[in-house]
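As structure tokens, the structure follows; a few thoughts come after it.
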Amino acid sequence: MAGLYITIGNAQSDRMAGAAARLTFFEREYMETFIDQAQAVNLGIAWVSNDPPLLFAPAYHPQTGVHIFTSGRVAWDEKKWQYAETLHTYEGGLSNRLLLEQYLNGGIKALEHPNGAAVVVVWEPRSQCLHIVTDNLGYYPLFLYSPHSIPGCVISTFPDAIADDSTVHTSPDYISMAEFLRDWQAAPPHTYYQEIKYAGAAQHLCWNLSEQTFQAREYWQPFTEGFLRNLSDATQQFADAIRHAIRIRTLPRLSPAAIYISGGLDSRLLAFAATNPESVLGINLYDVPNREARLAKELCEAAHVKYVGFAREADYYPKWMKLGVSVSGAMWSLEDNHFLGTLDLLAERGVQTVFSACVADLLYKGDALERQHYKLLGKDLPFWHYKSQRDDYQLPYSNFQPRDAPPQFRAQIAERFERWFANTPTQLRSDLDRLRVEDRRVRPLCYPSAMSGQAMFRAFPYDSFMSDRSLVDLYSRIPAAWKLNGRLWGKVVAEICGNEIVDANYGWRPGASNPEKFFVFVRSWVLRRLNKTAKGGEQQLATEGSWPNLGWYVLHSPILKQMWHDAPHSDRSLLGELWGSDPWQISLEDWAKQPYDFFRLATLLTHWSVRRESRY
């Protein structure tokens, strides 16, 4: 499991070795530990990574003693990589050599706004200051235990690793667990441990060990530079930024690369903008070859990317549950655990960089905006219009209606929501109103559901072009009206990828007009009704898309059934309190009709089981 573990005080070699072991899950991972016991308060850092050490290992400047560690990736163009190879006064990975030079020339502010999803750590022995910078979007996770205690503070990218440190004390945060069951996520900055909190997006954190102080400063806020005004110019600017962001992340020195590709709009960008498409694998997951797999293959062929079809085995999602909660800490629902089963495939192909495009819906297509469907004859159309009232729950998805919170947690959940959304408007009258609320749902990106964040960064040599600095700047300048119905996004995809191959999700071309979308929707609705009548109502595992039929697993998976029926009484009782009623009073046949709820319950149950096993 890739990540960082930092202790201030009590940095003994056996403690740091244990920390590194808790962050290591896979044979291919690289590990490095550092201990500075020369100071009044000693410091220990453990670094574990899936990324090539030649490029991303920690760096050191012997003359000043400054060390830099990065968890995640900062992106550079090829000229910068070549320049890093000439920096012989520094030791360590090339990326961190570049960061080290920036720091020595410009101070810690030169490292703010890192170009990627990453946490950058600087140990400055001359001032005895530990600096940490988090990325603008809060995509790469970072958590703090007792940050004001010097010594005694622990900093890590993984809450469970902190909780398993015998020198710290943690207690369960059941409010966060109840929030997860209700809203798919806990409210930031909370975790499943009362004493461990998220560090914050766009933060510069500083511990001064000599003065024994801790300070945190937010170095960036969105929506301060005004909105783009011209849709045509914005389309070209956005397309150019995406092309560059993908190209510098698919350079030959970072290849071969793998992209998880579907027939949708977002992942095709990675295929069409890659520097060397011939060195890119387009991995498409399915249960049986279907229409979406055919479209994914067409996209790969058009972009000259090698298509790799990956057929999921019959009990795929349940099979990977234990590993899934082990690397996600159960803050990521197992319904989204798509990719762990491909680890061996990637290793066999020597993949150095892995991509997906999951965050586009939240960042650029308005999924976190208050919106509702237009309707026709009582049916939802795939077009949205704004709502004028803020939704007072974490997920504003148009078809999502949250359950009532369990009585004993209702007040605390409401209080946490109000605290997180403080200073955002409840009446939404302008683009800025809507975006301020959306931003609280989007950032930090390591929290929202269905995002390939915490688990992917810990299990893969993962990168995210969406965290490119130029795209972060555009996120801050795009009006809400251009996000609604993917107005701008569709045009950008058409600009980069063309519009010949339709979007598998809806069947229309990238950048299609609203009349064209409406015609395609009506035609598809009629065909679906005819197909459903022809097939009857029997539930099948395979779908026409890449998304699994989760209800089938609830009915047919022996792993899920055993997990459900063998759950100990204590877990059943606790889950009933967190859910608000006894889940075992509902049959699996009925749970199959609400499988997303069931998979969240299964996520916590599996996590508790794995945590018990890890202690013995």
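Index from 1, following the sequence. Everything numeric here is computed off the predicted structure, so don't read it as measured data.
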Q. Can you list the residues that meet the side-chain contact (heavy atoms from CB on, under 4.5 Å) rule with S71, with sequence neighbours excluded?
A. L4, Y140, T157
(Q) Taking side chain to side chain contact (heavy atoms under 4.5 Å, CB included) as the criterion, tell me which of V66, L209, I132, I6 meets it with W123. (A) L209
Q.
So W207 and T213, do their side chains get closer than 4.5 Å, heavy atoms only?
A. no
Q.
Within the structure provided, determine whether M466 and L445 are in side-chain contact (heavy-atom separation under 4.5 Å).
A. no
Q | Heavy-atom closest pair, residues L265 and P510 | A | CD2-CG, 3.6 Å
Q) Using 4.0 Å as the upper bound for N to carboxylate O, is an ion pair formed by R247 and D77? A) no
**Q.** Pair Y260 + F339: ring centers closer than 6.0 Å
**A.** yes
Q: Kindly assign one of parallel, tilted or perpendicular to the pair Y364 and W489, based on the angle between their ring planes and the thresholds 30° and 60°.
A: parallel
Q) In terms of ring plane angle, is the pair F34 and F69 parallel, tilted or perpendicular, where the classes change at 30° and 60°? A) tilted
Q: Would you mind checking if R97 and E85 are paired as a salt bridge, meaning a charged N to carboxylate O distance below 4.0 Å?
A: no
Q. Considering only heavy atoms from C-beta outward, does the side chain of I261 approach that of L270 to under 4.5 Å?
A. no
Q) Under 30°, 30 to 60°, or over 60°: which ring-plane class applies to F56 and W81, parallel, tilted or perpendicular? A) perpendicular
(Q) Would you say that T250 contacts F355 through its side chain, given a criterion of any heavy-atom pair below 4.5 Å between the two side chains? (A) yes
Q: Grab the two heavy atoms, one from Q185 and one from P448, that are nearest each other, plus how far apart they are.
A: OE1-CA, 3.3 Å
Q. Atom CG in D233, atom CG in L228: separation rounded to 0.5 Å?
A. 9.0 Å
Q) Is S95 close to R73 at the side-chain level, that is, under 4.5 Å between some pair of heavy atoms? A) no
Q) F158 ring centre to R22 NZ or CZ under 6.0 Å, with the angle to the axis within 45°? A) no
Q. Just checking, any donor-acceptor pair under 3.5 angstrom between side chains of Y5 and D165?
A. yes
Q. Below 4.5 Å, heavy atoms only, C-beta onward: do L362 and R441 meet side chain to side chain?
A. no
Q. Do Y475 and D439 get their side chains close enough for a donor-acceptor pair, meaning under 3.5 Å?
A. yes
Q: Over all heavy atoms of both residues, which pair between P58 and E32 is shortest? Give the atoms and the distance, please.
A: CD-OE1, 3.7 Å
**Q.** Side chains of C206 and C129 in contact at under 4.5 Å (non-hydrogen atoms)
**A.** yes
Q.
Using 30° and 60° as the class boundaries, would you call the ring planes of Y447 and Y198 parallel, tilted or perpendicular?
A. perpendicular
**Q.** Qualifying residues under side-chain contact (heavy atoms from CB on, under 4.5 Å), relative to A245, sequence neighbours excluded
**A.** R249, F465, D468, L471
Q: Heavy atoms only: give me the nearest A481-R487 pair and the separation to one decimal.
A: O-CD, 4.2 Å
Q.
Any donor-acceptor pair under 3.5 Å linking the side-chain atoms of D463 with those of T353?
A. no
Q | Heavy-atom side-chain proximity of N230 to Q236 below 4.5 angstrom | A | no
Q | Where T134 and A201 come nearest, the two heavy atoms and their spacing | A | OG1-C, 3.6 Å
Q) Will you find, in the side chains of N136 and Y219, an N or O donor that is under 3.5 Å from an N or O acceptor? A) yes
(Q) Walk me through whether R243 and D240 qualify under salt bridge (Lys or Arg N to Asp or Glu O under 4.0 Å). (A) CA-CA 5 Å; R243 286 190 184 100; D240 290 344; 3.2 Å; yes
Q: Specify the closest pair of heavy atoms between L295 and A504, including all atoms of both residues, with the distance to one decimal.
A: CD1-CB, 3.6 Å
